[in-house]
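Here's the structure, in structure tokens; my notes come after.
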Amino acid sequence: MQNKRTFKCIIDGVEKEFEVLYTFKSIKYNKDYVIYTDNSYDENNNLYIFASIYYPFNLEKELENIESNEEWEEIEKFLENVSGDING
């Protein structure tokens, strides 16, 4: 049995649980990222996946939004490397 890493957040007053899929550190941006899901799917049966900046040595600090296209491109490359295809 696989151990799942999860965390909870309150979004619009509702507590939601998320499952951590991956974490990685970008040397280029000197930031740590967490890739996670709420295990819900869109109308095409694609899993919703989210990513944020996080602080592994200060877990009390809130997740931060990723705002640059360059950082999103790095996350997409990471996902392609671990899954072979982010759309597959």
Side-chain angles (χ1 to χ4, degrees):
M1 180 177 213
Q2 189 176 8
N3 289 335
K4 292 183 180 183
R5 295 181 295 164
T6 62
F7 64 94
K8 294 179 181 179
C9 286
I10 297 176
I11 300 173
D12 296 328
V14 177
E15 185 177 81
K16 290 188 78 170
E17 184 171 58
F18 296 91
E19 180 181 348
V20 175
L21 301 174
Y22 303 103
T23 59
F24 75 99
K25 180 169 188 75
S26 167
I27 295 169
K28 183 176 183 178
Y29 298 106
N30 194 31
K31 294 180 182 178
D32 290 280
Y33 299 96
V34 58
I35 300 169
Y36 53 100
T37 181
D38 62 359
N39 289 308
S40 65
Y41 293 83
D42 68 13
E43 63 278 352
N44 295 319
N45 208 31
N46 295 313
L47 181 66
Y48 281 111
I49 296 176
F50 312 96
S52 296
I53 300 165
Y54 87 112
Y55 299 88
F57 301 109
N58 185 357
L59 298 177
E60 297 298 317
K61 195 162 182 161
E62 292 185 16
L63 298 177
E64 290 184 18
N65 292 330
I66 300 164
E67 298 187 5
S68 80
N69 289 334
E70 293 81 11
E71 286 180 87
W72 277 115
E73 288 172 8
E74 183 157 344
I75 290 165
E76 288 174 1
K77 285 180 188 175
F78 173 84
L79 286 171
E80 288 171 0
N81 287 332
V82 296
S83 70
D85 179 4
I86 62 171
N87 297 314

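Values below: all heavy atoms of this structure, side chains included; hydrogens, waters and symmetry mates excluded.
Environment of CG in N44: crowded, with over 12 heavy atoms of neighbouring residues, nucleotides or ligands closer than 6.0 Å. Summarising the local packing, CD of E62 is surrounded by 12 or fewer heavy atoms from other residues, nucleotides or ligands at distances under 6.0 Å.
Qualifying ring-ring contact (aromatic ring centres under 6.0 Å, His included) partners for Y22, counting only residues two or more places apart in sequence or in other chains: F78.
For the atom pair CD of E70 and CD1 of I75, the computed distance is 12.0 Å after rounding to the nearest 0.5 Å. Here the straight-line distance linking atom NZ of K77 with atom CD of E74 works out to 7.5 Å at 0.5 Å rounding. The structure places CD1 of I49 at 10.5 Å from OG of S40, a figure rounded to the nearest 0.5 Å. Note that the CD atom of E19 and the CG atom of D38 stand 10.5 Å from one another [nearest 0.5 Å].
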- [ ] Take I10 and K16 through the test side chain to side chain contact (heavy atoms under 4.5 Å, CB included) and record every step on the way to the result.
- [x] CA-CA 6 Å; I10 297 176; K16 290 188 78 170; over 6 Å; no
TODO: Begin from the C-alpha positions of E64 and Y55 and carry the test side chain to side chain donor-acceptor pair (under 3.5 Å) through to its verdict.
DONE: CA-CA 9 Å; E64 290 184 18; Y55 299 88; 2.5 Å; yes
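Ion pair K31/E71 flagged as a salt bridge, since at least one NZ, NE, NH1 or NH2 atom sits closer than 4.0 Å to an Asp/Glu carboxylate oxygen.
Smallest separation of non-hydrogen atoms from T37 and N39: OG1-N, 2.9 Å. Of all non-hydrogen atoms in I66 and W72, the two that sit nearest each other are O-NE1, 3.2 Å. The nearest pair of heavy atoms linking I53 to N65 is CD1-O, 3.7 Å.
Cluster partners of Y54, using a side-chain heavy-atom cutoff of under 4.5 Å among ILVMFWY residues and allowing indirect links, are F7, I11, F18, V20, V34, Y36, Y48, F50, L63.
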